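Below you'll find the structure, written out as structure tokens, and then a few comments.
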Amino acid sequence: MESPTAGGGGGGGEAGAASSSSSSSGPSTSSAAAAATASASASSSAVATRYLAKRVLRGSAVLHVAQGCFRSPDCVDVVLCKENSLELVVIGEDGVLQSICEQTTFGIIKDVGVLNWRCTHFGLMPKIEGKEILVILSDSGKLSLLYFCSEMHRFFAIANIELSKPGNLRHRLGRILAIDRESRFVAVSAYEDEFAFVRVSVDHKLHAPNGEIEEDAKIISTAYNTSSIHGTVWSMCFISTCLDEEYYPVVAMIVNRGSDVNDLALYGLDSHKRTIDRISTYLEAGPLALEISEIPQLYGFALMFRAGDVLLMDLRNPKDISCIHRISLSTSLIGDHVSVEDSCRGLDVDDDVAACALLELRDSGNNMMRDDSYMDIDGTDNKAVVKSRIVCSWNWEPNAMQGHPRLIFCLDDGEFHLLEFSLDMEGVKVLPECVHRGLPCKPLLWMDKGMVVGFVEMGDGMILQLENNRLVHKSAIQNVAPILDLAIADHHGEKQDQMFACCGMCPEGSLRVIRNGVNVEKLLRTDPIYHGVTGLWTLRMKRTDAYHSFLVLSFVEETRILSVGLSFNDICDAVGFQTDVCTLACGLVADGLLVQIHSKCVKLCLPTACAHPEGTLLPSPVCADWYPDVTISVGAVGHNVVVVATSNPCCLYILGVRSLSSFQYELYEIQHVQLHYEVSCISIPQEDWRLDNSSSSCATSGDFRKDFAANIRKFAVIGTHEPSVHIISLEPGEAFQQLAVGHISVNNALGTPISGCIPENVRFVAAARFYILAGLRNGMLLRFESQTSKGHCFPGSFYKESSTPCDDTSLMLIAVRRIGITPVVLVPLHDRANADIIVLGDRPWLLQSARHSLAYSSISFLPASHVTPVSSTDCPSGLLFVSENCLHLVEMVHGKRLNAQKFSIGGTPRKVLYHSDSRTLLVLRTGLTSVSCSSDIVQIDPSNGALLSRFKCEPGETAKCMQIAKIGNDQVLIVGTSKSNGRPMMPNGEAESIKGRLILLSLETIESPRESAEELSSNSMCSSPDEVCCNQIQPELMAGHLRSLVQHTFNGAVLAVHPYLDRYVLAAAGNVLFVFGFLNESPHRIKKYTTSRTRFTITCLKTYASRIAVGDCRDGVLFYSYHENLRKLELIYSDPAQRLVGDVALLSCETAVVSDRRGSISVLSCPRLEVSESPEKNLAVHCSFYMGETAMSIQKVAFKHWLPIDDLTEPVLESVYNCVVASTLLGSIFVMIPLTSEEHQMLQDVQERLSVHPLTAPLLGNDHAEFRRRGIPSGVPPILDGDMLVQFLELTSEQQHDVLNIVSPGKKRQHDISVFQVMRALERVHYALN
């Protein structure tokens, strides 16, 4: 995300009355003057402005997990399901999780499973052969069967089987699924009453009489329904029984029929009548039954998990169910008595209901037993409720030893146990063993080689290794959910904002520093002494070397060679390169032989032992030169070949290397040719002979590697000034044979060719298919592809075999993207043909080579002119950037899926503010374990997590809110508290009769970061190199304490405070809004001026100029004005409907953005109000958007979002200050960007077409418009879905035209939309949000 257009300010006092309402909850994103200017135009244009909402950080809360061979038969993939997105990951042998791809589902996932069709249905559907199928139940009411498409690098549906419509009702199918072991039947249930068996298979192809395929194979399904369950289904699984001839299949089901006891019921499909019958029921007095699972290999036996114990059930005869073994959980399975506290602590500040609903905590038996009311929304952190221990997750060992299945399960107190089963003449034996104590996990996954993956609901997950019947921690899985609050500032001077987020819950609460883009770890930065760098390369001494040996730096009139290692030493004299010239290119031509290309000659060098241990023992390097008759313009070095080009005349030369005698070599010309156009760039693919140890080695590059080693011609890729891209052969005897050619012609919206389309850099890539990338001098990036023969990876002209058919040699322009305005440079991360590529333009980007079309993400680093990969023993995956005349050594952290630094906070962080004057963070914490204090305010250095100062609340008191204000010349921190540990409001939304305090703390003596500050101790169980923790805080070692100036006690918990007009403080206690003033502008003397009551508890306050926005927990948003002369609050506008408010942000005096706990975000406005009009329900819903997640923090921000090519003399967007950032309980971050009416109309048309196109339609079969408008009144204009729209950028040019040619159902064809116009608008969005 771009930095704000004006410098970030402090917590809120200085911006003045016209500043953003979010200035106290984060940095001021504009100066007072700029905000005042924006305010004038915003009041008139905010209502006319439309919005686009884009998720810039997908949620990290994993609700379901599935393992299977989704990409190929050799891959072991894991799919993480996160409510409304899917992430495909792999876990390497080192225990590090690496993300492959992630996609939005545009629907809410309910349950998942896997169809093992890997060894079935051969020859019917080639796209699923050898792959397992992901099965998903969702709110669409469909059973979705998904396969992974390697070409598109994402999941697609091969079938969406409709079960119910609509699909999100309690009594309609679509809540729980189970799959039989033969993958023929899927059992599906509703929340209550309804149940069905669905038989799925692949139908055979239909052939015409002449043998041609008349109809392709397709998925067929048959459903058998019943509505006679008469209860709520909690769990179910398939069971193998002895009644296969009478009933098949049979399902065991845990059903609650309205009593305090759940029963176990067996239902079967009558083999003759094809109806579902209840076979038998088992009911035993005792603990509540929660879930059931069949034991693999011991078919007919099942485990029934209950509150406090586990029963081993014999279900082989479904008409005679019996319990044969009971495992008690009330005492430890290894003999120790335990007392357990509830591990699911409630979310404070009205978060509990939303978190339980969205994180599905209520769906576990543990939480279904809790007596929570819907409005019980202000939890406590330490309930200490003693209860029965419950199994919260389990998983069976894959490929277990025959006859000895093993189960690993986790209790809700974090204790992990292993159960081993065996069946002999005496019956089933159970061997329990405790293997680990940690955090409770849900879900849990047991993988091959003893790897166990656990996901924590409100903290980081973990990857464990089972060794000697003990689980050993390998690595952490980042989880930032829930995000309760965030502050935005560019603290580190990175020219882009960082987000400081309150994440997780006690005991795993943390403060995260979230950056945009791909994460890089900064290792080293030199002094700014590298001026005028023109080239940067790293070289190996031998092709088989694992690490680089030389770093070559080229300047305008100089070349320097440094050794790669702990220190970069100058070794120019020992290498042999000419140092008084500008190097155009260099490389390793053969083992021990380096080549330098400059404008006058090509130089071959054999370094000495002083440069490398394997160099020659001669006192000076061995060198050989080749001089052309004219000046060399560009060149490239490959294996045993050098290619150079000259500009006048335009010639292309191929040079070879031969040995004359010991230590004597010669460069000689193989062939040259004169060209019609000057060559602008040359690239020779580097064959990689080193072993590929990547964890994702099952990617589809294996065929290319075989072809490289076998019968593929050696070739080079060149770009010319025509402009064009050519692939030419480098084989002896056929040099310069053209294998393929692509002509560059890119037009603008008027059909006029765009100038400057000369290739600056070209690269050959071979991932799922072969293609060419071309970076142009005008800032554009192109992708070319060529048609290949069936069964071949390359066009026929690439093969030496004459029998290979020769296809059309033309390269087709597949995709075009605008990177910026500076020339585009392409640098692969390694030598493999499928390497991801760093794209340098106006900023660095990472292009995923395996992705379809052109898909890239920003790298979290400064704009750079050059980059090269560097590998050494100390930094095997390093990158060296040239930026701001410095060399920056960084490492790209592939194992880190989220670009977030973690500070464990020792409690639950509720609120965070950035104090610009001291450049520190103020964090409100609750849930502390100290006897004397359970809540406090701490000051933290965001650079290293050092704890600088602290204010402790009184015993039994909990801090609820805080804001920074400026009173006169003093900066103060306003804090609201509750004097009770209970909930501050009743289930109906009315305030509880408890006390609260308003406290003013001085910020004038606040500590600035310094070297001696106490750093937060690193003792988290999930510690990682980038993680700083503070679980153990010692107050006596802190630098200082925040000083209290004044306080006031209320009849009600103070849930919201806010500064007002630089001279007042607003405080909400219960359902009363207070206005306080300061006598003589002194923060030591506070006086109450007036009050106003609402119907229900006030949960949030925001201000803009003189306007006050109040968030009522049930009545929605209320607008007030304060009349200073009368000292009276007046209700101006009110919400048109009841709304469970999450948070509010004011965009202007008459426009607000509000989130509700049902997952929607809306813009409310009232442009003008007649004097006689009543303020009751006079706000209008301007536009809305269903996120599917509850946003608990909304902030108004300002950042520029235009492309570098835009004419900045013309305003791209009038309301540049009306951008909105929202964070959710599932760990997502959304950004809302204003659009002009013309842009909105155009992109709305594109969105409608994308939502029905097969490549971009919602994955789970949802109606996209219905999903994004869920719970929104009809007639309300939509907020555009950025997640849907950015898919357009990832399509090829042909596919983009196909999308724009779609006529939406029920609509007449509108005017044609230009691909260039759509790309221009969406590139702005992509550029801003990255």
Side-chain angles (χ1 to χ4, degrees), residues 21-22 24-25 43 46-47 349-350 375 377 961 963 976 984-985 988-991 1050 1052-1061 1064-1076 1089-1123 1126-1158 1160-1171 1173-1182 1184 1191-1192 1194 1196 1273:
S21 65
S22 65
S24 294
S25 59
S43 297
V47 175
V349 218
D350 12 308
M375 285 302 296
I377 52 179
C961 55
Q963 293 288 353
M985 68 186 74
N988 63 0
E990 297 180 4
F1050 297 88
V1054 181
L1055 299 183
V1057 294
H1058 210 281
Y1060 183 57
L1061 298 178
Y1064 301 104
V1065 167
L1066 305 176
N1071 66 333
V1072 183
L1073 175 62
F1074 294 83
V1075 179
F1076 288 92
Y1089 283 165
T1090 187
T1091 63
S1092 181
R1093 291 183 178 272
T1094 61
R1095 291 203 306 164
F1096 301 102
T1097 304
I1098 299 172
T1099 58
C1100 57
L1101 287 172
K1102 293 292 173 66
T1103 65
Y1104 186 98
S1106 61
R1107 183 70 71 242
I1108 303 169
V1110 172
D1112 185 296
C1113 75
R1114 279 204 165 190
D1115 278 347
V1117 182
L1118 309 173
F1119 282 13
Y1120 286 85
S1121 278
Y1122 177 63
H1123 300 281
L1126 302 176
R1127 292 188 177 179
K1128 179 182 178 182
L1129 282 167
E1130 180 186 2
L1131 177 63
I1132 304 298
Y1133 307 136
S1134 60
D1135 205 313
Q1138 285 198 333
R1139 193 185 309 271
L1140 300 173
V1141 175
D1143 198 14
V1144 177
L1146 276 170
L1147 303 182
S1148 69
C1149 290
E1150 296 170 336
T1151 306
V1153 178
V1154 57
S1155 68
D1156 64 51
R1157 302 178 191 214
R1158 303 182 190 277
S1160 296
I1161 192 166
S1162 302
V1163 178
L1164 306 181
S1165 60
C1166 187
R1168 63 181 62 202
L1169 177 68
E1170 299 296 334
V1171 177
E1173 195 172 339
S1174 168
E1176 289 296 320
K1177 298 184 179 181
N1178 48 28
L1179 283 172
V1181 182
H1182 178 53
S1184 290
M1192 296 306 297
I1194 302 178
K1196 174 185 173 184

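Note that the coordinates shown come from a computational prediction; the quantities given were computed from them, not determined experimentally.
- Between K1102 and V1117, the closest side-chain pair of non-hydrogen atoms is not below 4.5 Å.
- When only modelled atom types and interatomic distance are considered, S1165 and T1151 share no side-chain donor-acceptor pair under 3.5 Å.
- At a threshold of 4.5 Å between non-hydrogen side-chain atoms, the residues Y1060 and V1065 do not count as touching.
- C1166 approaches N1178 most closely through the heavy-atom pair SG-O, 3.4 Å.
- Looking only at distances, a side-chain donor or acceptor of R1107 sits under 3.5 Å from a matching main-chain atom of C1149.
- In this structure, the separation between OG on S1184 and CD1 on I1161 is 9.5 Å, given to the nearest 0.5 Å.
- In terms of heavy atoms, L1146 sits closest to A1152 at CD2-CB, 3.9 Å.
- Of the possible polar contacts, none joining the D1156 side chain to the V1141 backbone as a donor-acceptor pair under 3.5 Å is found.
- Judged by distance alone, the side chain of T1094 and the main-chain N or O of F1096 form a donor-acceptor pair under 3.5 Å.
- Looking at heavy atoms from C-beta onward, L1164 lies in side-chain contact with R1139 at the 4.5 angstrom threshold.
- Of the inter-residue distances, the one linking L1066 atom CG with Q963 atom CD reads 10.5 Å to the nearest 0.5 angstrom.
- A heavy-atom distance below 4.5 Å is found between the side chains of L1129 and I1108.
- Rounding to the nearest 0.5 angstrom, the gap separating the SG atom in C1113 from the CZ atom in R1157 is 7.5 Å.
- Although no hydrogens or angles enter the test, the distance criterion places a donor-acceptor pair under 3.5 Å between the side chain of S1155 and the main chain of D1143.
- Using a 4.5 Å cut-off on side-chain heavy atoms (C-beta onward), K1196 and L1147 make contact.
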Checklist entry - What's the verdict on side chain to side chain contact (heavy atoms under 4.5 Å, CB included) for Y1122 and E1130, showing C-alpha distance, side-chain angles and the deciding distance? => result CA-CA 6 Å; Y1122 177 63; E1130 180 186 2; over 6 Å; no
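- Looking only at side-chain heavy atoms (C-beta outward), N1071 and R1095 stay at 4.5 Å or farther from each other.
- P1136 places a side-chain heavy atom less than 4.5 Å from the side chain of V1181.
- One finds the OG atom of S1134 at 10.0 Å from the CZ atom of F1119 (value rounded to the nearest 0.5 Å).
- Residues A1145 and I1194 come closest through the heavy atom pair CB-CG2, 3.6 Å.
- Atom OG1 of residue T1091 and atom CG of residue L1073 lie 8.5 Å apart, to the nearest 0.5 angstrom.
- No donor-acceptor pair closer than 3.5 Å links the side chain of D1115 to the backbone N or O of Q1138.
- Judged purely by atom type and a 3.5 angstrom limit, D1112 has no side-chain atom pairing as donor or acceptor with the backbone of L1118.
- Aromatic ring centres of F1074 and F1050 lie closer together than 6.0 Å.
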Item to check | Intermediate values then yes/no, ring-ring contact (aromatic ring centres under 6.0 Å, His included), F1076 and Y1089 | outcome: CA-CA 6 Å; F1076 288 92; Y1089 283 165; 8.5 Å; no
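- Between C1100 and V1144 the shortest heavy-atom distance is SG-CG2, 3.8 Å.
- The OG atom of S1092 lies 3.5 Å from the OH atom of Y1120; values are rounded to the nearest 0.5 Å.
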